[in-house]
Structures are given as structure tokens and as C-alpha cells.
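In what follows, a single structure is set out as C-alpha cells and then discussed.
If you read the sequence from its start, that first residue is 1, and numbering goes on from there. Every number for a ligand or one of its atoms is a count from 1 in the order of the listing.
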Amino acid sequence: MLDCIFCKIVKKQIPSKNIYEDDELLAFHDIHPIAPVHFMIIPKIHVDSLGYCTVVHQALLGKMLLLAAKLAKEQGLENGFRTMINTGHGGGQEVFHLHVHVFGGDALLPRT
Ligand code: AMP
Ligand code: ZN
């Protein structure tokens, strides 16, 4: 997708603070964190949202969640973390490239 901001991050056309990368996934810090630790995991392929995923994406989605737990620990969230997948306008999604938010580090997290 030419004008997708996360596709541009994948192609390194705009900068990001990456914490993980492999052939399928990329994880980087959210530019507007809502907690002391806040990063997101995206697939390198463009998928608009969880609402457009099919069985074809099943393994990829599982890999994203397992990576969320692994990276959360590495980022110091040993006590736990929150994941969030905003889906569609009704779900408050702003960037239409599938992503899993992972955040934590406060005793009381905002319930967004
Ligand atoms: P949402 O689609 O509602 O899950 O929100 C998109 C998220 O992407 C927001 O938390 C933004 O702060 C974040 N975001 C937007 N642009 C960038 C960027 N260039 N680098 C890192 N995070 C971004
Ligand atoms: Zn994209």
C-alpha cells in the first residue's frame, strides 16, 4: 500500500524505534505512548485490520501474540501487560494496517 504509514515503516521510508524484526513481523515503539512501555507489532504484509484477516492469516496472528508476550517481558513488563487491537472505525482504529498494541508499566493503566 503506497500511502500506508506502517508499510512505509516496513520499507524504512520513515523512521521508527524498532525493537524486533524478522521476515514476517516488525515491532516498534508507539510514537505517542499511553504507558511507560508501549510498542506495537505489525505484519510486514499489508492487511487493513483484524476484520480482514482470514484463515490464511491464522499462523501470522498466533505468531504476533506469542511475540507480544516475549517482547513484553524483554521490555521489562514482567508483572504483566495489556494488548489491544483496534479494529475498524467503530473500534477506534486510526492506522489501517493491522497492529497489536502492547503496553504497561503503570499500576493503573488507562482503559482505552
Ligand atoms: P490505532 O490505529 O487506533 O490502533 O492507533 C494507531 C497508533 O499508531 C497510535 O497509537 C499512534 O500513536 C501510532 N502511530 C502513528 N504513527 C506512528 C509512527 N510513525 N510511529 C509509531 N507509531 C505511530
Ligand atoms: Zn500497510
Side-chain angles (χ1 to χ4, degrees):
M1 286 282 273
L2 282 177
D3 56 354
C4 169
I5 193 162
F6 286 178
C7 281
K8 285 182 180 167
I9 285 177
V10 168
K11 288 185 263 179
K12 304 198 189 315
Q13 290 169 350
I14 60 171
S16 57
K17 286 199 208 167
N18 295 353
I19 58 172
Y20 178 86
E21 180 168 12
D22 66 23
D23 55 335
E24 289 183 304
L25 303 180
L26 180 67
F28 53 90
H29 290 286
D30 196 294
I31 205 166
H32 295 126
I34 58 170
V37 176
H38 183 184
F39 60 90
M40 63 181 72
I41 300 171
I42 70 169
K44 286 189 167 177
I45 56 158
H46 181 91
V47 185
D48 270 29
S49 77
L50 184 59
Y52 287 93
C53 287
T54 69
V55 70
V56 164
H57 304 101
Q58 190 164 299
L60 190 68
L61 289 167
K63 187 174 170 182
M64 289 170 77
L65 285 184
L66 289 176
L67 184 63
K70 179 176 180 279
L71 293 181
K73 218 180 242 182
E74 285 178 16
Q75 293 294 310
L77 302 177
E78 287 92 356
N79 281 334
F81 57 91
R82 187 171 296 170
T83 49
M84 180 172 75
I85 307 175
N86 297 327
T87 304
H89 292 291
Q93 186 174 3
E94 289 173 0
V95 176
F96 281 79
H97 180 127
L98 173 65
H99 53 281
V100 178
H101 292 261
V102 183
F103 54 98
D106 267 342
L108 265 181
L109 288 167
R111 289 213 165 263
T112 51

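For the pair I5 and E94, the minimum side-chain heavy-atom distance is 4.5 Å or more. In this structure the side chain of L60 reaches within 4.5 angstrom of the side chain of L25, judged on heavy atoms. Looking only at side-chain heavy atoms (C-beta outward), Q93 and D48 stay at 4.5 Å or farther from each other.
Taking distance alone, with nitrogen or oxygen atoms compared against 3.5 Å, Q93 stays at or beyond that limit from ligand 1. Distances between N or O atoms of M40 and those of ligand 1 include no value under 3.5 Å. Residue G92 has at least one nitrogen or oxygen atom sitting less than 3.5 Å from a nitrogen or oxygen atom of ligand 1, judged on distance alone.
Here the Zn ion (ligand 2) is the vertex; the ND1 atom in H97 and the SG atom in C4 give an angle of 110° (to 10°).
Under the 6.0 Å cut-off for aromatic ring centres, F6 and F28 qualify, their centroids lying closer than that.
Atom CG of L71 is separated from atom CD1 of I19 by 4.5 Å, given to the nearest 0.5 angstrom. C53 contributes atom SG, which lies 7.5 Å from atom CE of M64 (distance to the nearest 0.5 angstrom).
For F96, no heavy-atom contact with ligand 1 is shorter than 4.0 Å. Only side-chain heavy atoms of N86 come within less than 4.0 Å of ligand 1; its backbone N, CA, C and O stay farther off. Neither the backbone nor the side chain of F39 has any atom closer than 4.0 Å to an atom of ligand 1 (non-hydrogen atoms only). Under 4.0 angstrom from ligand 1, the non-hydrogen atoms of H29 all belong to its backbone.
Protein heavy atom at the shortest distance from atom 1 (P) of ligand 1 is H99 NE2, 3.3 Å. Residue, atom and distance of the protein heavy atom nearest to atom 2 (O) of ligand 1 are E94 N, 2.7 Å. Annotation: atom 19 (N) of ligand 1 to nearest protein heavy atom, I9 CD1, 3.8 Å. Considering only non-hydrogen protein atoms, atom 11 (C) of ligand 1 sits nearest to D30 OD1, 3.4 Å. Remark: minimum distance from atom 14 (N) of ligand 1 to any protein heavy atom is reached at I31 CG2, 3.8 Å.
Scanning both residues, D22 and K44, for their nearest heavy atoms gives O-NZ, 2.7 Å. What you find for H101 and D30 is that their closest heavy atoms are CE1-OD2, 3.6 Å. Across S49 and L98, no two heavy atoms sit closer than the pair C-CD1, 4.0 Å.
Residue H46 approaches the Zn ion (ligand 2) most closely through its N/O/S atom ND1.
Less than 4.0 angstrom separates some heavy atom of H101 from each of these atoms of ligand 1: 1 (P), 4 (O), 5 (O), 7 (C), 10 (O). Using a 4.0 Å cut-off to heavy atoms of F6, the atoms of ligand 1 that qualify are 8 (O).
Under the 4.5 Å side-chain heavy-atom criterion for ILVMFWY residues, no single connected hydrophobic cluster contains both F39 and V95.
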